Amino acid sequence: MQEIEVIHSWSAPRSLSTSLMYSFAQRDDMEVIDEPLYANFLRATGIERPYRDELLSKMESDGNKVVKDVIYGPGEKKYRFCKHIAKQRLPGLTDDLVKKGKHFILIRNPLDILPSFKKVVPPSFFELGLSSLVSIYTELCEAGNPPAIIDSAELQEDPEAALRGLCEDMDIPFQAEMLKWEAGPKSADGMWAPWWYRSVHKSTCFQAANKYPSPFPSSLYELLEQSLPFYNMLRQKARRKCSTTSRLPQPDLPVPANKKLLCWVGDEILPRDSAKVSVFDSVVQGGDSVWEGLRIYKGRIFKLEEHLDRMFDSAKALAFKNLPTREEVKEAIFKTLIRNGMFDNAHIRLSLTRGKKVTSGMSPGFNLYGCTLIVLAEWKPPVYDNTRGITLVTATTRRNSPNNLDSKIHHNNLLNNILAKIEGNNAKADDAIMLDKDGYVSETNATNIFLVKKGRVLTPHADYCLPGITRATVMELVEKEKFVLEERRISLSEFHTADEVWTTGTMGELSPVVEIDGRIIGAGFVGPVTKRLQNAYRDLASDLGVPIPTYQET
């Protein structure tokens, strides 16, 4: 007999845990134990099972004795694999259970678990035990023994890759023998096997999931709703994602701090990965939503009232009903910023959708739930290089005409702009200039645009473009700084031959343009008028704005 290294498998029922136990049992360095804490669970909870009395008479029911003498007792092989069902981790058990050994968590989508669950035990939230699985994950992390997490779908899709990865996580060598076993009962089976293991006894390996599963019982729908958040939380923590659900690696965020955002959706604040709208929401069904961009400077929201004016005007133009009040929108913005601790150098994407529909379709008559308010606040510096400048190309995609879709409605249906942005991306430019139906410059795909020629500042009429709030602010600054301002139709060649060009927008502020369609603008660097207006805008933004409650300047 020798000291043995224990590998703990934690799972919910019906999660391929028995198949995984059979897999590990094929190793020449492994012994396996099937649910060693089961008798303790039945004794402590008083739960009935068809085999309860027999089990309690034949199996040790003192959990701490089991941990000491069975789980961590000496053995004849190097490793011991202990299969645990999460709900069997009860209060009162020694901390050695989680502090010692190697641990991993096996998860499975409750959509796949629940239909077969009721064959032996009536399904319930407790019996499924996914909340217990989350508790075990937390307990292991707090004990400094964070577990690996593997999804059963990985075992079904690519058993060898999944097992190799799991062995790597456990720091043990993979053995090819783990991929197959003989059909029929096994000597390691618990005495409950005749009630639970009939299907797995027919197996000889991990089998692919059915391509077309059976219908999900509607009677289990509420239990599915209760259970899915726990599964999804663990799934997000998995080191490897199942390739059927996530074929691409998780990308790095431009600002890593934004990984832990809190967002407002509807009437509540949610963590980033839980902040979602319904597939029945109008913004999903047809881009039927209005939006605003807001920037935060030193505890103040710049031009908040003007942005809210435009948002409510846009919602009225689109005949939205059951809108939140202006004060409700403000409170949602304030609460979101305060919860995130965002008081400077932040940006808000504020959206108001027509709301959720009772059934899919185009008609606003299906929107009976009221509007959906979304406050997405991020740490975000200006998105363009406002020191060295940006480059533009002219897109072939034309800006919308008021004959088709009035750009004064600040709507979320942005395909026109996105098509132009694709052209800019393909040309390796920062953005793309968009022309109106007559070939005059309107704006870029994301911003308004200005030029300087012989000391005069010019900008296109806001007939085909959004009359931006930053645009209006800069126009006021132009006059305040004693420059001549002219608003008129401007041809593309006038921009090509301008002395200076800049774009304006909440996301980028004033962004100097140093090249358009391969033509160098002015001397190829930030011009004096642009720089002067940048400074004036920066001073204005730092002094004005609606204060965020609770903010105190340090």
Side-chain angles (χ1 to χ4, degrees), residues 4-27 29-42 49 51 55 58-61 63 66-67 69-73 75 77-90 93 96-98 100-108 113 116-117 120-121 127-130 132-133 135-137 140 145 147-152 154-156 159 162-163 166-167 169-170 172 175 177-178 181 184-201 203 205-206 234:
I4 203 164
E5 191 164 15
V6 178
I7 295 172
H8 299 271
S9 165
W10 298 95
S11 68
R14 320 301 290 171
S15 297
L16 303 188
S17 57
T18 304
S19 296
L20 193 58
M21 181 180 73
Y22 290 174
S23 169
F24 273 84
Q26 305 313 301
R27 297 175 61 99
D29 56 0
M30 188 80 59
E31 63 180 60
V32 301
I33 303 179
D34 193 6
E35 299 182 40
L37 294 168
Y38 204 163
N40 176 74
F41 171 75
L42 293 182
R49 291 289 189 267
Y51 40 82
L55 180 62
K58 295 181 178 180
M59 190 173 180
E60 176 60 61
S61 62
V66 171
V67 173
D69 300 331
V70 179
I71 294 176
Y72 291 120
K77 295 192 175 181
K78 184 175 182 179
Y79 301 108
R80 175 177 293 141
F81 181 96
C82 291
K83 170 193 156 193
H84 302 296
I85 301 301
K87 62 191 174 210
Q88 296 172 8
R89 169 59 173 133
L90 297 177
L93 288 173
D96 284 349
L97 182 61
V98 295
K100 296 170 63 177
K102 302 173 183 288
H103 296 258
F104 73 89
I105 289 176
L106 175 66
I107 59 174
R108 192 180 188 190
I113 295 175
S116 65
F117 195 91
V120 178
V121 176
E127 290 288 2
L128 191 59
L130 281 171
S132 299
L133 209 53
S135 295
I136 288 167
Y137 171 81
L140 287 165
N145 198 6
I149 298 177
I150 181 172
D151 197 310
S152 298
E154 295 182 54
L155 290 167
Q156 292 180 301
L163 289 170
L166 182 57
C167 287
D169 288 337
M170 296 295 101
I172 63 175
Q175 291 186 6
E177 289 77 10
M178 299 174 70
W181 53 86
K186 310 293 186 290
S187 60
D189 288 346
M191 59 172 296
W192 49 88
W195 283 268
W196 290 102
Y197 296 176
R198 292 173 186 170
S199 296
V200 73
H201 282 164
S203 71
C205 61
F206 292 103
L234 291 168

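All of these numbers come straight from a predicted model, not from anything done at the bench.
- Looking at heavy atoms from C-beta onward, Ser9 lies in side-chain contact with Phe81 at the 4.5 angstrom threshold.
- Of the inter-residue distances, the one linking Gln175 atom CD with Met30 atom CE reads 7.5 Å to the nearest 0.5 angstrom.
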Start with the C-alpha distance between Asp169 and Ile150, add both sets of side-chain angles, then the distance that settles side chain to side chain contact (heavy atoms under 4.5 Å, CB included), and finish with yes or no. CA-CA 10 Å; Asp169 288 337; Ile150 181 172; over 6 Å; no
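- Side-chain contact between Asn40 and Leu93 is present, with heavy atoms from C-beta onward closer than 4.5 Å.
- Closest non-hydrogen pair, Leu133 versus Ala12, comes out as CD2-N, 4.1 Å.
- How far CD of Glu35 is from CD of Gln88: 4.5 Å, rounded to the nearest 0.5 Å.
- Across all their heavy atoms, Gly73 and Arg80 have their closest contact at O-NH1, 2.7 Å.
- Side-chain contact check for Tyr51 and Tyr38: at least one donor-acceptor pair (N or O, by modelled atom type) lies under 3.5 Å.
- Using a 4.5 Å heavy-atom cutoff, the side chains of Trp192 and Arg49 are not in contact.
- Ring to ring, His8 and Tyr72 are close: their centroids are under 6.0 angstrom apart.
- Rounded to the nearest 0.5 Å, atoms CE (Met21) and SG (Cys82) are 10.5 Å apart.
- Arg108 places no side-chain N or O within donor-acceptor distance of the main-chain N or O of Leu16, the cut-off being under 3.5 Å.
- Expressed to the nearest 0.5 Å, how far OG of Ser199 lies from CZ of Arg14 amounts to 6.5 Å.
- Tyr22 and His201 form a side-chain donor-acceptor contact under 3.5 Å, judged by distance and modelled atom types alone.
- In this structure, the side chains of Asp29 and Ile172 stay at 4.5 Å or more apart for every pair of heavy atoms.
- At a threshold of 4.5 Å between non-hydrogen side-chain atoms, the residues Lys102 and Glu5 count as touching.
- Taken to the nearest 0.5 Å, the OG atom of Ser132 stands 8.5 Å off from the CG atom of Leu90.
- Between Leu163 and Phe206, the closest side-chain pair of non-hydrogen atoms falls below 4.5 Å.
- Taking the six-membered ring wherever Trp is involved, the centroid distance between the rings of Phe24 and Trp181 does not fall below 6.0 Å.
- Of the options Leu234, Ile105, Val98, a side chain to side chain contact (heavy atoms under 4.5 Å, CB included) to Pro147 is made by Ile105 and by none of the others.
- The shortest non-hydrogen separation linking Gly129 to Ala86 is O-CB, 3.8 Å.
- Look at Asp34 and Lys83 and you find a salt bridge, because one of the NZ, NE, NH1 or NH2 atoms lies within 4.0 Å of a carboxylate O, short of that distance.
- Under the 4.5 Å side-chain criterion, counting only non-hydrogen atoms from C-beta, Ile85 is not in contact with Phe41.
- Contact check on Lys87 versus Glu127 returns a salt bridge, with a Lys/Arg side-chain nitrogen under 4.0 Å from an Asp/Glu carboxylate oxygen.
- Atom CG of Leu106 sits about 10.5 Å away from atom CD1 of Ile149, to the nearest 0.5 Å.
- Ile113 and Pro13 get closest at one heavy-atom pair: CG2-O, 3.5 Å.
- Between Ser17 and Ser11 the shortest heavy-atom distance is CB-OG, 3.3 Å.
- What you find for Ser152 and Ser15 is that their closest heavy atoms are OG-O, 2.7 Å.
- Residues Glu31 and Ile4 have side chains in contact (heavy-atom distance under 4.5 Å, counting atoms from C-beta outward).
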